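The structure appears below as structure tokens.
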Amino acid sequence: MSGDHSHNEDQIDCGSRVNSHRHKYKEHKHKDHKKDKEREKLKHGNDHASDKKHRDKDKMKHKDGSTDKLKDKHKEKKIKVLDGKIKKEKENGFAHVKCEPDDDFYHSPKHEKSLKRERDDDEYDFKSKKVKTENDKKDKKRKQMEDIKPKKTKDKKGETADGKKKAKKEPEEKWKWEEERYTDGVKWKFLEHKGPVFAPPYEPLPSKVNFYYDKAMRLSPEAEEVATFFAKMLDHEYTTKDIFRKNFFKDWRKEMTSEEKAKITDLKKCNFSEMSDYFKAQSEARKAMSKEEKLKIKAENERLLQEYGFCIMDNHRERIANFRIEPPGLFRGRGDHPKMGMLKRRIRPKDIIVNCSRDSKHPQPPPGTKWKEVRHDNKVTWLVSWTENIQGSIKYIMLNPSSRIKGEKDWQKYETARRLKKCVDRIRTQYRDDWKSKEMRIRQRAVALYFIDKLALRAGNEKEEGETADTVGCCSLRVEHLKLYPENDGQEYVVEFDFLGKDSIRYYNKVPVEKRFQVFKNLQLFMENKEPDDDLFDRLNTSILNKHLQELMDGLTAKVFRTYNASITLQQQLKELTNDENVPAKILSYNRANRAVAILCNHQRAPPKTFEKSMQNLQTKIEAKRDQLSDAKRELKSAKADAKVRKDEKSKAVETKKKAVQRIEEQLMKLEVQATDREENKQIALGTSKLNYLDPRISVACKKWGIPVEKIYNKTQREKFAWAIDMADEDFEF
DNA sequence: CGCCCGACTTAGCACGCGCCAC
DNA sequence: GTGGCGCGTGCTAAGTCGGGCG
């Protein structure tokens, strides 16, 4: 395009910067250099220099430790907010429970009684689409969903690929995913549950187990408990890290009596080894328990699950995801987390906010205790919440992914991504045009969006410095995270990305970018006259970006691009790959397609500890199988010869041998496929994309290649994707 | 109108259960 | 019956995003 130079850089309207120059908490090392190095090799060939470079940078960045004071301020604010929140009890906790007598999909033996309440037929007539008065966004969204809903019971216009009827199914038995949902942010009308399960109380150590500080020393129960947290982690690398030790010691001292505090002044002098040995012995003992004992524990767990692991939301008994409160312990942040090692406090009933319907049987706090609050807010989905003491954030107990409320949200997410599919070309054209805008903020927005689209980067919200590990996403990229090469390895206009993303997973990538469309030139411009730790996009943040995206398409946000690109990639890759003849090869193809997505989204994992070994085992197996095969072939040959001699044209022996050869060949192939698959998978995690980014209906549609869903999804996954399995046909198109 | 926080999704890792080979 | 190991599952940290408030 000739527009390349139509705007002189000097003319750019600079406006004011969104983000001022920032002094970051300066200490970002990589979580595990060795790991990174390997990963890098795997993914990007051989850039050996970069790891070292990173390490050097880390050293450079140590001078500034300026942010500690922020914390107190931070805390103050939190308290205020908490106070304010108590007032805001909602008035909409009403509930009418209906009972669906024929609904045996969610069989609920225990709770049948609570289900048998008055039926309010009118209200639950979800076929009649009464659109209420609300005109808010959510309502709009809902309407969009309705348009593309598969209509099983009443087929309107078969507008969508998945809109076909499935007569064979009995929709009455299952959750009706196309049921009319509530409007105006109401998430449920009836919610009943038993509350959380608390962590077991601390059991003091037997008197023979000692803690040593110079000499044996008995700790107060409070101090002892915290000491055991540390003792249990002694084998972990964490306990060697300075920040971890510092934070731990500081918080531990808070739990000590004044005598203990006076005495124990140096963590280095603390000897936890006896405690540590004791716990190791305990865990051994647990493993060595008799069958009966193990069974007993299992039964007890099952009982707890049955009692606390389910709730009733509207007229269904639904599984709760995490009904156990997180036990106390030492905080294990990921990457270089400034708070690692801090004490994660024990959560008590008085910390707990319970959410349920007004007319439900309220969960009871343990005898002699009280909940912090019981509220009836049906505009949220959580059952229980509490505020965690490390970051001051709120933790929730919510439903399992198999639940209606989560499934529907999931479905909606993919529908939004499919809507993006319809207008992505338009959006791409627009951001390309915007690269040439005379407004700096628009150029930045356009380049950022390009990265988000092309590289599937995360949005990149700002983070509070010094509160978390120093990680970034697209909008929060800093100058130091990019390198520009006008020419690199024979390619023109290469951008090298090197930064830590979510969970401090390294993103390293070299990408050639469009010069004629000015990406490269824009980047040079954005980086001009800036320090390494200045923001690359200084006139952009996620809020600005998402507001813009919202204008381009209703419901569009940065993360929709990840979903869209992941799902569309899977679909394309599957079309390219799946022309193999047998099922195992097809599964391999599926996994490869899945892998392409995982690579796109940078979903990595540490190579499994047992990787080398298990690979060897597999090779041994393969060789054994090969031997077996040649044996079988030999036998077949001799059987054939034998049959010829005896002129026995339909020799049974020959037939059986033939079958044996075939079977072994199949087994061998299966093993070989498995080996390839595993090797390719060494450092790539497929699970995350499979669970969160790939429209499950694409996988369901793999029926058309003869791949049954069971081969792709295990039981839990099938439960999570019940909605997709229920509604998608083999001709589903994302 | 920016910032803060509540609600919800997405993320990797540890651990232990159950299955398979012997 | 046992031992090893691979996978599923639970756990909880760390993101995204929107709404409300000052």
Side-chain angles (χ1 to χ4, degrees), chain A residues 18 31 74 77-78 80-82 84-85 88 136-138 185 187 236 283 286-287 291 294 297-298 301 305 309 321-327 329 331-335 337 339-340 344 353 355 377 379-382 385 387-388 390-396 398-401 405-406 409-410 413 458-464 467-469 471-476 500-505 541-547 549-550 555-560 562-563 566 598 601-606 608-611 613-614 617-618 621 624 674 678 685 687-689 691-693 714-717:
Chain A
V18 172
K31 199 185 190 177
H74 180 70
K77 274 180 200 159
K78 288 269 152 68
K80 271 186 217 156
V81 173
L82 286 176
K85 223 170 63 180
K88 94 177 189 193
D136 68 342
K137 251 192 300 176
K138 266 161 203 151
K187 303 288 172 37
H236 204 287
S283 104
R286 222 173 305 129
K287 272 181 214 157
K291 219 183 228 163
K294 278 186 184 168
I297 292 174
K298 214 180 153 186
N301 276 333
L305 173 68
N322 55 326
F323 58 91
R324 286 169 204 275
I325 300 275
E326 298 172 18
F331 176 75
R332 306 154 81 122
R334 315 233 170 105
H337 198 118
K339 297 190 171 183
M340 63 166 79
K344 213 172 92 170
I353 302 174
N355 192 32
D377 182 355
K379 292 209 165 64
V380 297
T381 67
W382 53 267
S385 75
T387 301
E388 151 268 3
I390 304 286
Q391 326 261 11
S393 68
I394 308 169
K395 300 249 182 174
Y396 303 94
M398 290 184 186
L399 295 195
N400 199 60
I405 210 156
K406 295 286 182 188
K409 201 81 191 297
D410 210 31
K413 172 181 80 185
R458 294 187 186 83
N461 283 310
E462 291 122 295
K463 304 168 79 188
E464 209 164 343
E467 295 288 306
T468 58
T471 63
V472 298
C474 186
C475 294
S476 50
L500 298 182
K502 182 175 179 179
D503 292 323
S504 293
I505 294 291
N541 61 35
T542 52
S543 157
I544 296 173
L545 180 65
N546 281 333
K547 267 185 200 127
L549 292 176
Q550 190 59 238
L556 187 61
T557 64
K559 85 190 189 67
V560 179
R562 256 167 98 80
T563 313
C601 295
N602 201 39
H603 291 142
Q604 302 189 25
R605 62 165 182 174
K609 282 180 189 111
T610 54
F611 185 82
K613 206 174 163 194
S614 80
N617 287 350
L618 203 54
K621 265 193 197 167
Q674 207 187 339
R678 198 179 295 174
T688 305
S689 48
L691 246 42
N692 299 302
Y693 288 104
N714 67 29
K715 190 165 158 283
T716 314
Q717 292 164 340

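Computed from a prediction, not measured in an experiment: that's the story for all the values here. In what follows, every chain begins at residue 1, and chains take the letters A, B, ... in the order their sequences are listed.
One finds no side-chain N or O of A/Lys395 lying less than 4.0 angstrom from the OP1 or OP2 phosphate oxygen of C/dT12. For C/dT16, neither phosphate oxygen OP1 nor OP2 lies less than 4.0 angstrom from any side-chain nitrogen or oxygen of A/Thr557. The shortest distance between the side-chain N/O atoms of A/Gln391 and the OP1/OP2 oxygens of C/dA14 is below 4.0 Å. One finds no side-chain N or O of A/Ser385 lying less than 4.0 angstrom from the OP1 or OP2 phosphate oxygen of B/dA7. Phosphate proximity of B/dC13 to A/Arg332: absent, as no side-chain N or O sits under 4.0 Å from OP1 or OP2. A/Lys344 has a side-chain polar atom (N or O) that falls below the 4.0 Å cut-off from OP1 or OP2 of C/dA13. The side chain of A/Tyr396 contributes no N or O atom lying less than 4.0 Å from OP1 or OP2 of C/dT12. The side chain of A/Ser543 places no N or O atom within less than 4.0 Å of a non-bridging phosphate oxygen (OP1 or OP2) of C/dC17. Using a 4.0 Å cut-off, no side-chain N or O of A/Asn692 falls inside it from OP1 or OP2 of B/dT9. The phosphate of B/dC8 has OP1 or OP2 within less than 4.0 Å of a side-chain N or O from A/Lys187. An OP1 or OP2 oxygen of B/dA14 is reached within less than 4.0 angstrom by a side-chain nitrogen or oxygen of A/His236. For A/Thr381, a side-chain nitrogen or oxygen approaches OP1 or OP2 of B/dC8 to under 4.0 Å. Here A/His337 does not reach the OP1 or OP2 of C/dA13: none of its side-chain N or O atoms lies under 4.0 Å away.
Shown here are the salt bridge (Lys or Arg N to Asp or Glu O under 4.0 Å) partners of A/Lys395, two or more places apart in sequence or in another chain: A/Glu326. A/Glu388 pairs by the salt bridge (Lys or Arg N to Asp or Glu O under 4.0 Å) definition with nothing, not counting sequence neighbours. By the salt bridge (Lys or Arg N to Asp or Glu O under 4.0 Å) test, A/Lys715 is found to be paired with A/Glu719, residues two or more places apart in sequence or in another chain being considered. With sequence neighbours left out, the ring-ring contact (aromatic ring centres under 6.0 Å, His included) criterion links A/Tyr693 to A/His603.
One can place CG of A/Asp503 at 8 Å from P of B/dC13, the figure rounded to the nearest angstrom. Rounded to an integer number of Å, the gap from A/Glu388 CD to C/dA13 C1' is 9 Å. Atom pair A/Asn714:CG and C/dG8:P shows a separation of 5 Å (rounding to whole Å applied). One interatomic measurement links the two molecules: NZ of A/Lys463 to C1' of C/dT16, which rounds to 13 Å at whole-angstrom precision. A/His603 has its NE2 atom 12 Å from the P atom of B/dC13, to the nearest Å. For A/Asn322 and C/dG10, the CG to C1' distance is 10 Å, given to the nearest whole Å. We find that CE of A/Met340 is positioned 13 Å from C1' of C/dA13, with the value rounded to whole Å.
Of the possible polar contacts, none joining the A/Asn461 side chain to the A/Thr542 backbone as a donor-acceptor pair under 3.5 Å is found.
Mapping A/Ala321 and A/Asn546 onto DNA chain C by nearest heavy atom places A/Ala321 at the nucleotide closer to the 5' end. Taking for each of A/Cys601 and A/Trp382 the nucleotide of DNA chain B with the nearest heavy atom, the 5'-most of the two is the partner of A/Trp382.
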Classify every nucleotide of nucleotides 16-22 of chain B by which part a protein heavy atom approaches to under 4.0 Å, writing B for the base, S for the sugar-phosphate alone and - for neither, in 5'-to-3' order. --S----
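Between A/His337 and A/Phe331, the angle of the ring planes goes over 60°, which puts this pair in the perpendicular group of the 30/60° scheme.
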Pull out every protein N or O sitting under 3.5 Å from an N or O of nucleotides 2-5 of chain C, one pair per line with the distance.
unit_1, atom_1, unit_2, atom_2, d
C/dC5, OP1, A/Lys613, NZ, 2.9

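Donor-acceptor pairing under 3.5 Å is recorded for the side chains of A/Lys463 and A/Thr468.
Side-chain atoms of A/Ile297 and A/Lys294, non-hydrogen and from C-beta on, never get closer than 4.5 Å to each other.
Residue side chain A/Lys559 does not reach the base of B/dT9 through any donor-acceptor N/O pair under 3.5 Å, judged by distance alone.
Atom CG of residue A/Asp503 and atom CZ of residue A/Arg334 lie 4.5 Å apart, to the nearest 0.5 angstrom.
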